[in-house]
Every structure is written in C-alpha cells, then in structure tokens.
Amino acid sequence: MKVQGKQLLPQLLVALWSWAAIAQATTHTFNWTTGWGNYNVDGNYERPVITCNGEFPWPDLKVQKGDRIQVYLTNGFDDRNTSLHFHGLFQNGTNAMDGPEMVTQCPIAPGDTMLYNFTIDDNIGTYWYHSHTAGQYQDGMRGTLVVESLEELAFDYDEEVVLQLGEWYHDTVDVLDAKFMSVYNPTGAEPIPQNLIINNTRNMTWNVEPDTTYLLRIVNTGGFVSQYFWIEDHDMTVVEVDGVYVEQNTTSMIYITVAQRYSVLVHTKNDTSKNYAIMQKFDDTMLDLIPGDLLLNATSYLMYDADGDKPEQNYVDSIDDFLDDFYLTPIDKVELYEDPDYSITVDVVMDNLENGVNYAFFNNITYTAAKVPTLMSVLSSGDDAVNPLVYGTNTNSFVLKKDEIIEIILNNNDTGKHPFHLHGHVFQLVDRERTYDDAIGETVHPFDVNNHNPFPEYPMMRDVVYVNPQSSIVMRFKADNPGVWMFHCHIEWHLKQGLALLLIEAPEEMQETASQQLTDNHKQVCQNVGLSYEGNAAGNSEDYLNLAGENVQRATIPSGFTAKGIVAMTFSCLAGILGMCTLSVYGLMGVKKSEEELARDLGLDPVIVEKESVGEANSAEESSVTSKHTKTTI
Ligand SMILES: *[C@@H]1O[C@H](CO)[C@@H](O)[C@H](O)[C@H]1NC(C)=O
Ligand SMILES: *[C@@H]1O[C@H](CO)[C@@H](O)[C@H](O)[C@H]1NC(C)=O
Ligand SMILES: *[C@@H]1O[C@H](CO)[C@@H](O)[C@H](O)[C@H]1NC(C)=O
Ligand SMILES: *[C@@H]1O[C@H](CO)[C@@H](O)[C@H](O)[C@H]1NC(C)=O
Ligand SMILES: *[C@@H]1O[C@H](CO)[C@@H](O)[C@H](O)[C@H]1NC(C)=O
Ligand SMILES: *[C@@H]1O[C@H](CO)[C@@H](O)[C@H](O)[C@H]1NC(C)=O
Ligand SMILES: *[C@@H]1O[C@H](CO)[C@@H](O)[C@H](O)[C@H]1NC(C)=O
Ligand SMILES: *[C@@H]1O[C@H](CO)[C@@H](O)[C@H](O)[C@H]1NC(C)=O
Ligand SMILES: *[C@@H]1O[C@H](CO)[C@@H](O)[C@H](O)[C@H]1NC(C)=O
Ligand SMILES: *[C@@H]1O[C@H](CO)[C@@H](O)[C@H](O)[C@H]1NC(C)=O
Ligand SMILES: *[C@@H]1O[C@H](CO)[C@@H](O)[C@H](O)[C@H]1NC(C)=O
Ligand SMILES: [Cu+2]
C-alpha cells in the first residue's frame, strides 16, 4: 500500500506511542497480609473487618495498561483459607492467577503466601479485586483497580474520582452464614444488611470545584443488593461499563448490581451557593424482609461550599427512569456474534436438599467444588482434558473449543434478580426479557427462540449482567481466552448456595502453553493446604475417567415430600409452634417419610399447613414486613 505523505505523521506518532507504552510498562509489587481489626465503618457499630497489613480499607490501585502486578498475598488468619481474584481482568495466558479457590488454585492456608503475578494487556477501565473464598470480601477484603492507558479516550475530563459503593452488615459473614445455610432458613432468605455504604463510610462529603468535569468511576463492591444511584440535579454521562467504553449516554440515574462498574462524567455547576445530595437507594425487591428501621435511601453530600448547609435527602418521581444498560453501545461496535457454535441452556432454581438447607441450582446441579482445582485437572489429564467427565459430575463443567462462539441462555426460574458474572471475558448481552411478576400471577417464562426481543446489531458488552425475576437473558462471547472460567451469580449468598458453573476453554491449548503451567509457588500452595495438584475431580491421577469418591451434593429430598412442603411446614413453625415443628423437619430428613406421613405424625393435614402459612405471610405483611419468598414458594 502506498503511504501518502499526510498519513505518515500519524503513523509515526502511533509507532512512537507504542514504543513509549512499552518503554513505560511498570511492575507494581505489593506485600499484603490479611488480618482482622475492629472498625466502625457505618458510624453505627464497631465490628471486626478484614484488614490489609493491619489497615482498612484495602488499597485502591491505579496502573497503566501493559503493567505487571505482583501481589504477595500472605494468609495472616489463623483459622481460615484465603484467595484473591482481580475482577474483570482477562488473565489471558495466566489463568492460574485468576483466583477462585478450587477452580484455578488451591486455597491459601494460614501462614502461607501466594504470588499473584500477571500483566494487564487486554483490559482498560474500572475494575476491582477481592477474596474469592467464603464470602470474605463482604467482611472487607476488597479494593478498586483502575487501569489507564495512553490511548486517546473519546471524552475529556478534568479530574478522576473513584467511588466505591456497597452494603454493610453488623455481623461478620461467619455469623450470618451459620444462620443462612441452615434448616431454620428453608426459603434461603438472605441476611438483610444494616446500611448502604459509600467509600467505606456513610454521610460522605465530596468537595467539588465549579465548572469542572469529573470522571466518576463507580464500583459496587457489595455482595448482595443492587443500588440505584443519582446526584440531585446533576446528569451523569455514562462512558464505560465494566471496562467497556460505550457511546455516551446521559441519564439522571443508574442501576448498579454488585460487582458492576460505571464510569460517568459529571459536569459541576458554576453557581457554588447550593450543595446537593448524592443518593443511593436499595433495590428493595431483592430483600426478603424490610425491617422497619432499615434506611432504604442513603444520603451523601456533593459540596460546592464546604461551609454551607448539607442538603436533605433528594426524592425522585420514579426509580424506573434509570439507564437500562441493555441499550448501551460499545465504542468498538463489535457486531452481534451470530449463529453460535455451542449453545448452553441453564435454568436457575432454588430448592432444598435432604438436609433441609436451601441451595441454588443450574439445572439440577448445585456447584460442588472438585477435590483438585479444576485447572490442575486440565493440566494433568492429557488427552482426557476434552472430556467434561474429568471435571466431575457435580461441577457443572462445559468444555469449549478454541475460538468458537458460545451462547449461554439463562432462564431464571427464581422470583429474585441475579447478577451473573463471567470470568475471563466480557460477553454480549443479546437479550434480556422483562420481569414476570409472580405478585400478579405471572409464571416463569423461559427464553423462547421463536418469540423474543430483537437482538441488537451492536450488543452491550460487560462482565456482569442481571436477569429479571422469572425471566431470561442470552449472552454470547468468543472462546478466545484459554482457561477455566467460572460463571456465577455475584450475590455471595447465592455463590455459597452453589449458583456457579465452569467453562473449560481450549484445554489442549492450555496444556501446550508455557505461561499456563503451574509455578513452584502455585504447587507449594497446594502442598501446604494438603491438596494434590494432579488428578481428576475425584483426585484420581491414574484413571481420569474414574470419578469414584468425588465430591457430590447432598441427596435430594425423599420422594413424596416436596420442598414446598418443607417450606410450608417450617414456616408455619416459625410463625407458631416453634420448637416442635423444626425438630420434626430435622427428624424427617433422617427418617425419610413421605410428606403425608409426616403430616400425619404431626397431626396436621398438609393442605391445611399450606393454607395457614399463606395466612401467616399475609398477616406478616400487615405488620409492615413484606415477605417475597413466603408469598411465592407456598
Ligand atoms: C515484600 O516482602 C519481602 C520479604 O519480606 C521483601 O523482601 C520485599 O522487599 C517486600 N516488598 C515490598 C514491595 O514491600
Ligand atoms: C451517618 O449519619 C447517621 C445518622 O445521623 C449516623 O447515625 C451515623 O453514625 C453516621 N455515619 C458516619 C460514618 O458518619
Ligand atoms: C482449607 O482448605 C483445605 C483444603 O481444601 C481444607 O481441607 C480445609 O478444611 C480448609 N480450611 C478451612 C478452615 O476451611
Ligand atoms: C513474574 O512472572 C514473570 C513472567 O513469567 C517472571 O519473569 C517474573 O520473575 C515473575 N516474578 C516473580 C517475583 O517471580
Ligand atoms: C473515595 O475513595 C477513593 C479512594 O480512597 C478516593 O480516591 C476518592 O476521592 C473518594 N471519593 C470521594 C468522592 O471522596
Ligand atoms: C460557567 O463559567 C464559565 C467560565 O467562567 C463559562 O465559560 C461558562 O459559560 C459558564 N457556564 C454556564 C452554564 O453558565
Ligand atoms: C427513598 O427515595 C425514593 C425515591 O426518591 C422515595 O420514593 C422514597 O419515599 C424514599 N424513601 C424514604 C423512606 O425516604
Ligand atoms: C441511551 O439509553 C437509552 C435507554 O435508556 C436508549 O434508548 C438510547 O438508545 C441510548 N442512546 C445511546 C446513544 O446509547
Ligand atoms: C423452569 O421453569 C420452566 C417453566 O415453568 C420449566 O419448564 C422448567 O422445567 C423449569 N426448570 C427447572 C430446572 O425446574
Ligand atoms: C441431573 O439430571 C441428569 C439428567 O436427568 C442426571 O444424569 C444427573 O445425574 C443429575 N445430577 C444430579 C447432581 O442430580
Ligand atoms: C487473548 O489473547 C489472544 C492473542 O494472544 C487474543 O486473540 C484474544 O482475543 C485474547 N482474549 C481476550 C479475552 O482478550
Ligand atoms: Cu443470585
């Protein structure tokens, strides 16, 4: 191709720029040790939180694209394992650095140190990091990560400010978890947080300059509830979601699920005489109960005049006017991936197993971690690596071929919203159907290939999307990143309940790639926690197709006794004859009686039990408490 004179200069500049970008790549090394400290985060209660080198909050990181990060993470706890995941980073060629325990690594034992060592080559924008073990990030083990780039952005701003949103509990996850995953909580009602927090505090003040454009990088590092976010009388122009730059879209309100990120431009006024409210509001449809003293709206302060009055809470006419991220267009305009090579359909169901505890299922499987981290099964299984059986029958593993277009059709049979996250990729959200509301008698609407919303020409891309109640979403992505990638609900309670599956992407290529091999440190972490780094899901390194002894989920409840029955009966106990009934439910699990037999033993008619329970739900509502699950499951 002939290069015209006037094109030469830009080309030279690009060449110079790439040289500069490479020359400036930096290695950032951190030594982080976990621990506990007492902090009063919301200003209402001091409680133990997870610290980094004795401090809280954890550091906010800012790096350049191309930089290397080396984190020496030392487990400073004396009674629990840990791990670290950098949310949204593709870890292209370094799957072992992704973090989820028993997926890409062994849990880090107390006293042990793991080195997370990777470069950030394919990501720009707003990210975060967090423990991927046992809900630890809800106790504070999380921070933000901004990846900047020398490449020119499609927008201008004067100043960049990070804003971390979340919800906060007064109890630690251990305490909440014991009550949550329990026969006494048969509906799987999630613990209700005490407050919404912002930048790890409440009632925050943000002093701003007039006539200034701020790039606000908003990150929801919470573990449960989505939030509405708005600033009184100030528009926000969305320019990035989850590391994907988008065509500008101006709105007065955003809706942000846990783990999502939004970068917005906010231009301040010239007039500095008035201060304005920064508002967060719980999406209270996600709460099973709304305690009378729970503040659904949290107010912070946008201060033009630091000495002026703090604004009152701001009310808006409707919270339905938030920007629907489905309609955003990535700046890169990646066309709809048509005709997927492999389509996976999963139904989300919440149900009880034999122990009476409520679990979450993709189809009929509640994710149950293998005995060997799944990545290590990939690397050690040779030709068998392409056989999903190697990864166990209870891990929901799907083997993907290199560069295929993958589609995930997710039907949500549950009455709640769920924010789903895929590791290692951003995906196109090609459809999100509306809510089907059980309160008005609507039932589950699985995705219908012959009757759905039109797919966009340039679909929205991001790494966390929510699905509406009793509805569906369809996602597509290209399998261009060999690795074992977890796809899961980012509500930590639901992840604990097993709402996860694994995508084993191009396993053969992983075996052949030098950068995908385990480091000595990686193996050491396994040895120190007493796990093997070879073998199939059952830990068998002789016969990779023999799964004898693998971890499996609890048995299903005895036939004749439906989950609905457990819920009805336990609920009626909670409402009335407390001790006796819960004991009876416990008893049943061992005895394996039918629903009818149990009812007879209890001197109850199951039909009557159900009717009574509905009555309880209604009367509960009247006393200012609403209950989503009891209304729908009975
Ligand atoms: C991290 O700790 C190691 C060993 O204690 C030490 O050699 C190193 O200098 C520390 N690095 C940083 C960046 O603090
Ligand atoms: C925020 O304000 C509430 C209500 O005045 C107060 O109870 C709480 O302690 C404050 N929290 C912080 C962190 O300032
Ligand atoms: C840490 O992980 C190991 C290996 O999976 C496990 O045996 C041990 O129970 C875990 N420790 C705790 C406290 O959960
Ligand atoms: C991190 O990985 C790079 C690339 O493999 C390697 O050169 C470097 O030595 C590693 N860092 C440490 C501290 O081992
Ligand atoms: C929130 O915290 C981050 C990190 O500490 C800080 O850089 C930022 O300025 C804070 N945001 C506001 C609005 O104060
Ligand atoms: C704000 O002030 C700047 C500089 O003083 C001026 O250029 C701009 O037009 C003003 N904007 C508005 C909305 O009045
Ligand atoms: C919270 O904000 C919404 C939206 O402005 C408003 O409708 C609602 O009344 C507020 N709730 C409380 C308890 O102030
Ligand atoms: C902005 O979002 C709205 C939906 O909230 C959508 O209708 C519109 O097409 C979007 N515009 C752009 C430029 O993305
Ligand atoms: C989800 O609901 C649909 C519609 O009722 C039903 O056909 C499907 O079997 C359900 N899926 C599961 C796993 O129960
Ligand atoms: C799920 O259902 C399939 C097909 O019915 C069956 O083969 C499989 O064993 C079931 N898995 C579990 C964990 O129950
Ligand atoms: C991973 O890197 C390869 C090139 O080495 C590239 O083709 C692919 O698109 C990358 N994948 C992601 C998810 O960035
Ligand atoms: Cu969920």
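Numbering of ligands and ligand atoms starts at 1, following listing order. On a predicted model such as this, the values are computed, not experimentally measured, just so you know.
- Ligand 7 has an N or O atom lying under 3.5 Å from an N or O atom of N297, backbone or side chain.
- Only the side chain of L531 comes within 4.0 Å of ligand 3, counting heavy atoms alone; its backbone N, CA, C and O stay farther away.
- For ligand 7, the polar-atom distance check against V316 finds a nitrogen or oxygen pair separated by under 3.5 Å.
- Not a single N or O atom of K281, backbone or side chain, sits closer than 3.5 Å to an N or O atom of ligand 7.
- Residues satisfying the salt bridge (charged side-chain N to carboxylate O under 4.0 Å, His left out) criterion with K310, sequence neighbours excluded, are absent altogether.
- Annotation for ligand 3: atoms under 4.0 Å from non-hydrogen atoms of N81 are 1 (C), 2 (O), 3 (C), 8 (C), 10 (C), 11 (N), 12 (C), 14 (O).
- For N540, the side chain to side chain contact (heavy atoms under 4.5 Å, CB included) partners two or more places apart in sequence, or in a different chain, are N536, E542, D543, N546.
- A distance-only check finds a donor-acceptor pair linking the side chain of S471 to the backbone of E433 [under 3.5 Å].
- Considering backbone and side-chain N/O of R80, none are found under 3.5 Å from N/O of ligand 3.
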Exercise answer: donor-acceptor pairs, residues 524-531 side-chain atoms, under 3.5 Å, sequence neighbours excluded:
| unit_1 | atom_1 | unit_2 | atom_2 | d |
| --- | --- | --- | --- | --- |
| N528 | ND2 | D112 | OD1 | 3.1 |
| N528 | ND2 | D112 | OD2 | 3.1 |

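- By the 4.0 Å heavy-atom criterion, Q313 is counted among the residues contacting ligand 7.
- Of all the atoms in ligand 3, the ones that sit under 4.0 Å from a non-hydrogen atom of D79 are 13 (C).
- Within a 6.0 Å radius of CG in D317, no more than 12 heavy atoms belonging to other residues, nucleotides or ligands are found.
- Using 4.0 Å as the threshold, G530 has no heavy atom nearer than that to any atom of ligand 3.
- Judged by a 6.0 Å distance limit and a 45° cone about the ring axis, K269 is positioned over the six-membered ring of Y276.
- Taking the ring axis of W168 as reference, the NZ or CZ atom of R202 does not stay both within 45° of it and closer than 6.0 Å to the ring centre.
- Ring orientation note: the planes of Y45 and H170 are close to parallel, at an angle under 30° on the 30°/60° scale.
- At least one donor-acceptor pair closer than 3.5 Å links the side chain of N352 to the backbone N or O of G356.
- Between R476 and D431, no side-chain nitrogen of the basic residue sits less than 4.0 Å from a carboxylate oxygen of the acidic one, so the salt-bridge criterion is not met.
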Pairs under 3.5 Å, N/O atoms on ligand 9 and on the protein: can you put them in a table with the distances?
| unit_1 | atom_1 | unit_2 | atom_2 | d |
| --- | --- | --- | --- | --- |
| ligand 9 | 2 (O) | N413 | OD1 | 3.2 |
| ligand 9 | 2 (O) | N413 | ND2 | 2.3 |
| ligand 9 | 11 (N) | D347 | OD2 | 2.7 |
| ligand 9 | 11 (N) | N413 | ND2 | 3.0 |

